[in-house]
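For the numbers below, each heavy atom of this structure counts, side chains included, while hydrogens, waters and symmetry mates do not. Numbering of ligands and ligand atoms starts at 1, following listing order.
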Amino acid sequence: MLTLSQPDDWHLHLRDGDALSTTVAHTARVFARAVVMPNLKPPVATVEQALAYYDRINAAIPLGNNFQALMTLYLTEQLTPEEVHRAKAQDRIHAIKYYPAGATTNSESGVSELESVYACLETMSEVELPLLIHGEVTDPRIDIFDREKVFIETILEPLTLKFPELKIVLEHITTKDAVDFVKQQSENVAATITPHHLMFNRNDLLAAGVRPHFYCLPILKRNTHQIALIEAATSGNPKFFLGTDSAPHDVKTKENSCGCAGIYSAHAALEFYAEVFEKHGALNKLEGFASFFGADFYRLPRNKARVTLSKRTSTVPANFKLGDGTLIPMRANETIAWHVDEITQ
Ligand code: NCD
Ligand code: ZN
């Protein structure tokens, strides 16, 4: 048995509409709070849109559950410093998300020229509103496996030098380069790590046939990078914390000649992390990673409730409903070792 303070998910895609009944219930089963990504169509780019989205999420929370959605704004070139101030004044909005235009699912409205949003970054830095970064360059000449590394060298490092007081989360890191970079930075720079980048590498995606359910962005890397991520997550360094990047897509858009990027892990996310930490002899480091370091970074209180997990096997369902469609979850039809038994307030 393992008992932890209730964890939070610092990077999550809930989608919208009918999908919310599935996605919100899965995350709220275990997590107290989650940072909700704004890459809807159209993007959640204003305070008004974020508050309306918050209400739609709230309406999908199962009765009796006190899950809290932590909203984000999508950084567009139209965002103004005034809107950043309005966002900060809202206790429901906790960060702004930077997608390089074209980097990933629904990133078309993202930023092409970072200079065009400098005024907003300055304000975010002043009012202490974190910038969450999808850290990949979009230049088609750059190899997809190098896009994170090149982003760090050409965009992120200059950004941290220009805005040293800006709080930054480099989201869903996938490389040793990202681990090393984050470690070297001030306490204003942290990173989230997903369960799939800890459990898998590019062989799982490509070696025994192309497996579209392992396709996500940033793409799975070689196993030396996977090892660096495991070391970072299990090290107890507070710069690295839990963010699932659980990103549901309908099976038809995944199993497709041009499949969408995104892996769905919300149905068993904490169990997946527990498996990784156990395998690497670091179960005693799970609570910091899952339940403390993210809250501390965002200057939110740590959760008081506790979750208990036990070593009890179960089988992941073959699929879940996603609105009118179907989604195939991570580790579908496979056995998982841990089970969340209860949450005590
Ligand atoms: C995410 C999605 O589907 O919204 N996909 C993914 O592969 N991670 C977007 C993102 O976080 O890049
Ligand atoms: Zn994401």
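- Taking every non-hydrogen atom of H134 and a distance limit under 4.0 Å, the qualifying atoms of ligand 1 come out as 12 (O).
- In summary, E287 and R306 engage in a salt bridge, as defined by a charged side-chain N under 4.0 Å from a carboxylate O.
- Residue contacts with ligand 1 leave out E171, since none of its heavy atoms falls under 4.0 Å from the ligand.
- Only the side chain of A247 comes within contact range of ligand 1, with a heavy atom under 4.0 Å; no backbone atom does.
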Identify each donor-acceptor pair in which a side-chain atom of residues 60-72 lies under 3.5 Å from a protein atom, sequence neighbours left out, and give them as a table.
from	atom 1	to	atom 2	distance (Å)
N65	OD1	F67	N	2.8
N65	ND2	A28	O	2.7
T72	OG1	V36	O	2.7

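- D8 and N303 form a side-chain donor-acceptor contact under 3.5 Å, judged by distance and modelled atom types alone.
- When atom types are taken as modelled, the side chain of N201 and the backbone of R222 share no donor-acceptor pair closer than 3.5 angstrom.
- The backbone N or O of G288 lies less than 3.5 Å from no partner atom in the side chain of S291, so there is not a single donor-acceptor pair.
- Remark: minimum distance from atom 7 (O) of ligand 1 to any protein heavy atom is reached at L217 N, 2.8 Å.
- Aromatic ring pairs are classed by plane angle as parallel below 30°, tilted from 30° to 60° and perpendicular above 60°; the pair Y74 and Y99 is tilted.
- Around the Zn ion (ligand 2), protein N, O or S atoms at less than 2.8 Å comprise H11 NE2, H13 NE2, D245 OD1.
- Numbered from 1 in the order shown, with element, the atoms of ligand 1 that lie under 4.0 Å from a heavy atom of H11 read 11 (O).
- Here N106 has no heavy atoms under 4.0 Å from ligand 1, in either its backbone or its side chain.
- Between H197 and Q226, every side-chain heavy-atom pair lies at or beyond the 4.5 Å cut-off.
- Considering only non-hydrogen protein atoms, atom 5 (N) of ligand 1 sits nearest to A261 O, 3.1 Å.
- Of the protein's heavy atoms, T104 OG1, 3.3 Å lies nearest to atom 9 (C) of ligand 1.
- What sits closest to atom 8 (N) of ligand 1 on the protein, heavy atoms only, is D245 OD2, 2.7 Å.
- Applying the side chain to side chain donor-acceptor pair (under 3.5 Å) definition to pairs two or more places apart or across chains, those involving residues 42-56 are D16-R56, T46-Q49.
- Using 4.0 Å as the threshold, H249 has a heavy atom nearer than that to some atom of ligand 1.
- Only the side chain of R15 comes within contact range of ligand 1, with a heavy atom under 4.0 Å; no backbone atom does.
- Using cut-offs of 30° and 60° on the angle between ring planes, the pair F277 and Y273 is perpendicular.
- When heavy-atom distances to ligand 1 are checked against a 4.0 Å cut-off, H172 comes that close only through its side chain, counted from C-beta outward.
- Applying the side chain to side chain donor-acceptor pair (under 3.5 Å) test to pairs two or more places apart or on separate chains, none has a residue in residues 316-325.
- Using a 4.5 Å heavy-atom threshold, the side chains of H11 and S246 count as separate.
- Of the possible polar contacts, one joining the R147 side chain to the I142 backbone as a donor-acceptor pair under 3.5 Å is found.
- Considering backbone and side-chain atoms alike, T105 places an N or O below 3.5 Å from some N or O of ligand 1.
- Here's the thing with N39: one of its N/O atoms is less than 3.5 angstrom from an N/O atom of ligand 1.
- Those atoms of ligand 1 with a heavy atom of C216 less than 4.0 angstrom away are 7 (O).
- Side-chain atoms of T27 never come within 3.5 Å of backbone atoms of V24 as a donor-acceptor pair (strictly under, hydrogens ignored).
- With contacts defined as side-chain heavy-atom distances shorter than 4.5 Å, the pair M37/V35 qualifies.
- Close contacts between ligand 1 and G262 involve ligand atoms 5 (N), 6 (C), 7 (O) [criterion: under 4.0 Å to a heavy atom].
- Residue-to-ligand polar distances keep I263 apart from ligand 1: every N/O pair is separated by 3.5 Å or more.
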